[in-house]
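All figures in this text were calculated on a predicted structure; none of them were measured in a lab. Reminder, nothing fancy here: chain letters follow the sequence lines and each chain counts from 1.
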Protein chains: 2
Amino acid sequence: MKAKPLIEHFETYLPFEEAEISLIESRISRRKLKRREYIMTTGDICRHYTFVVKGVLRLYGIDPTGKEHNILFAAENDWIADITSFHDTKPGKSNIQTIEPSEIIQIAQQDLYHLYINIPKLDRIFKVITEEKYVELQNRVFQNISSTAQQRYSYFYEKYPHLASRLPNTQIASYLGITPEFLSMIRKEIILGK
Amino acid sequence: MKAKPLIEHFETYLPFEEAEISLIESRISRRKLKRREYIMTTGDICRHYTFVVKGVLRLYGIDPTGKEHNILFAAENDWIADITSFHDTKPGKSNIQTIEPSEIIQIAQQDLYHLYINIPKLDRIFKVITEEKYVELQNRVFQNISSTAQQRYSYFYEKYPHLASRLPNTQIASYLGITPEFLSMIRKEIILGK
DNA sequence: TTTTACCCTTAAACTAGTTTAAGAAATTAA
DNA sequence: TTAATTTCTTAAACTAGTTTAAGGGTAAAA
């Protein structure tokens with residue numbers, strides 16, 4: 001059953017019946033991606049919610065000078081989408097790309113709306129998921145406005161050890177809002193026990 | 001009807017019937033607050049979702065050195081709550097305080113859960129509200145990691161002109177993650193057309 | 001109406017983070 | 001297995017933002 005990892009994810013929130021599972025199964029697609037493959041680039045309309053079965057993806061924006069900035073990472077059992085673009089069905093500003101070879105499950109807009117109508121508890125589940133993600137982002141904003149780069153790195157390292165050890169430092173630096181050079185310095189200082 | 005501003009807010013998402021409105025009316029409380037009054041301080045459990053009828057409130061955190069950092073503002077027709085604390089019914093780290101004399105509508109945890117069960121579309125509405133707020137926060141994170149303080153100030157000024165003109169600069173500086181002194185410099189440079 | 005508290009500004013010295021450049025180490029492709 | 005590319009590191013010169021301190025303006029409280 002291709003939907004299995006997704007159902008297991010949903011069932012960490014609420015239980016599902018067979019009929020519901022079959023309906024979900026019929027409305028998703030699952031596929032494999034190579035390293036550095038894109039599922040969305042600037043100007044595309046984001047037409048899917050993407051659930052990560054295996055691997056890591058990043059969502060990044062590009063500033064007026066052309067530099068990339070990582071807005072979020074999504075690894076196993078996490079979601080990724082350009083919500084603004086998805087919601088309004090209009091061209092988005094983001095890019096979504098694999099960092100490792102990955103496997104994903106996607107739900108298209110129409111299918112998701114169909115599922116919301118037929119399985120109302122999905123409204124509840126996505127409400128809770130979005131609240132959880134909102135809280136994470138709020139913590140990140142607090143870090144950004146209140147901490148030094150070193151503190152932000154330590155926080156990231158403690159909170160997402162599986163990501164911190166898995167991602168190239170350039171990607172982490174981009175996420176933290178600093179240069180890779182400065183991250184290198186920070187890491188040296190942390191090792192020296194500063 | 002004390003719930004009127006709240007119902008009008010909900011009806012920007014979906015229509016409501018009389019019975020539903022009465023149920024909501026019976027499950028909320030409305031009150032007035034003085035300037036600088038707190039509805040939550042660090043260590044409290046956040047037991048309400050608060051809707052702002054009139055005025056402005058801020059939610060702020062305190063860093064290890066004791067400094068305050070504004071995480072968000074909420075003015076008319078906006079929501080404010082320490083979601084982490086509310087969700088898990090555990091002591092929160094935030095403080096929520098009025099900046100101006102304000103009027104609010106509050107929904108207590110139990111009442112909100114009761115409303116979710118009896119009016120399922122509220123799950124849908126709060127899902128959408130949370131998604132909207134998530135997107136706003138994501139844009140703010142992008143600003144924080146990709147822009148200078150001057151660009152962040154300009155963005156804030158354009159996106160929230162009603163707040164920018166209404167709030168003391170010290171509060172705006174705290175929200176932007178810079179010192180009031182540096183904000184003062186930035187404003188001078190902007191006026192000089194830099 | 002006077003005082004107090006708050007809010008904003010300016011400027012000089014300082015610190016955190018960036019940029020540029022060059023080379024070493026690790027991965028990936030051929 | 002080697003070549004090519006990406007990633008990481010170090011260091012010096014630079015720029016963005018903070019700190020400290022002092023003073024002026026304005027709103028609120030007594």
Side-chain angles (χ1 to χ4, degrees), chain A residues 33-37 55-56 58 60 63-70 73 97-102 143-157 163-192 194, chain B residues 33-37 55-56 58 60 63-70 73 97-102 143-157 163-192 194:
Chain A
L33 303 169
K34 287 182 217 161
R35 184 164 174 265
R36 285 172 203 240
E37 199 170 337
V56 190
R58 65 179 183 133
Y60 67 88
D63 72 23
T65 76
K67 273 182 213 135
E68 299 178 1
H69 300 273
N70 286 339
F73 300 118
Q97 185 194 31
T98 57
I99 294 178
E100 301 176 359
S102 302
Q143 291 290 319
N144 282 339
I145 64 177
S146 70
S147 309
T148 62
Q150 182 167 140
Q151 292 168 321
R152 262 142 54 212
Y153 175 71
S154 299
Y155 178 82
F156 177 77
Y157 197 90
L163 284 176
S165 55
R166 190 174 180 180
L167 295 170
N169 287 334
T170 44
Q171 296 295 344
I172 296 174
S174 168
Y175 175 93
L176 295 175
I178 59 175
T179 60
E181 290 81 1
F182 193 51
L183 177 55
S184 174
M185 228 189 78
I186 283 169
R187 284 160 54 89
K188 196 173 70 179
E189 282 179 358
I190 288 174
I191 290 165
L192 297 177
K194 274 212 189 175
Chain B
L33 302 169
K34 287 183 215 160
R35 183 163 175 268
R36 288 181 199 228
E37 198 169 336
V56 190
R58 66 178 182 132
Y60 68 88
D63 72 24
T65 76
K67 275 183 210 133
E68 298 179 1
H69 300 275
N70 286 339
F73 300 118
Q97 184 194 32
T98 58
I99 294 178
E100 300 175 359
S102 302
Q143 291 290 319
N144 282 340
I145 64 176
S146 71
S147 309
T148 62
Q150 181 167 141
Q151 293 167 322
R152 262 142 54 210
Y153 176 71
S154 300
Y155 178 83
F156 178 76
Y157 196 89
L163 284 176
S165 56
R166 188 174 182 182
L167 294 170
N169 286 335
T170 43
Q171 296 296 343
I172 296 175
S174 169
Y175 176 92
L176 295 174
I178 58 175
T179 60
E181 290 82 2
F182 193 52
L183 178 55
S184 175
M185 228 189 77
I186 284 170
R187 284 161 56 89
K188 196 175 71 179
E189 283 178 358
I190 288 173
I191 291 163
L192 297 176
K194 273 214 188 174

A side-chain contact here means heavy atoms from C-beta on lying under 4.5 Å apart; do [X] and [Y] qualify?
| X | Y | result |
| --- | --- | --- |
| B:Pro180 | B:Asn169 | no |
| A:Glu68 | A:Arg58 | yes |
| B:Tyr175 | B:Leu163 | no |

Kindly give the heavy-atom pair with the smallest separation between [X] and [Y], and that separation in Å.
| X | Y | value |
| --- | --- | --- |
| A:Phe73 | A:Gln171 | CZ-O, 3.5 Å |
| A:Ile178 | A:Ala149 | CG2-CB, 3.7 Å |
| A:Ile190 | A:Ser154 | CD1-OG, 3.9 Å |

Separation of [N] [atom2] from [X] [atom1] (nearest whole Å):
| X | N | atom1 | atom2 | value |
| --- | --- | --- | --- | --- |
| A:Arg166 | D:dT7 | CZ | C1' | 18 Å |
| B:Ile145 | C:dG17 | CD1 | C1' | 15 Å |
| A:Tyr153 | D:dC8 | OH | C1' | 12 Å |
| A:Glu189 | C:dT15 | CD | P | 14 Å |
| B:Arg35 | C:dC6 | CZ | P | 9 Å |
| B:Asp63 | D:dT18 | CG | C1' | 14 Å |
| A:Gln151 | C:dG17 | CD | C1' | 14 Å |
| B:Leu176 | D:dG17 | CG | P | 11 Å |

Sorted by number, residues from residues 167-174 of chain B placing a heavy atom under 4.0 Å from DNA chain C are B:Pro168, B:Asn169, B:Thr170
Numerically ordered, the residues 177-186 of chain A set in heavy-atom contact under 4.0 Å with DNA chain C is A:Gly177, A:Ile178, A:Thr179, A:Glu181, A:Phe182
Only one of B:Arg36, B:Arg35, B:Arg166 passes salt bridge (Lys or Arg N to Asp or Glu O under 4.0 Å) with B:Glu100, and that residue is B:Arg166
> Is it true that a side-chain atom of A:Thr98 and a backbone atom of A:Pro101 form a donor plus acceptor pair closer than 3.5 Å?
Replying inline: no
Is the distance from OP1 or OP2 of D:dT19 to the nearest side-chain N or O of B:Lys67 less than 4.0 Å?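 For B:Lys67, the contact criterion (side-chain N or O under 4.0 Å from OP1 or OP2 of D:dT19) is met.
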Verify whether one side chain among B:Tyr153 and B:Arg187 offers a donor that lies under 3.5 Å from an acceptor in the other.
yes
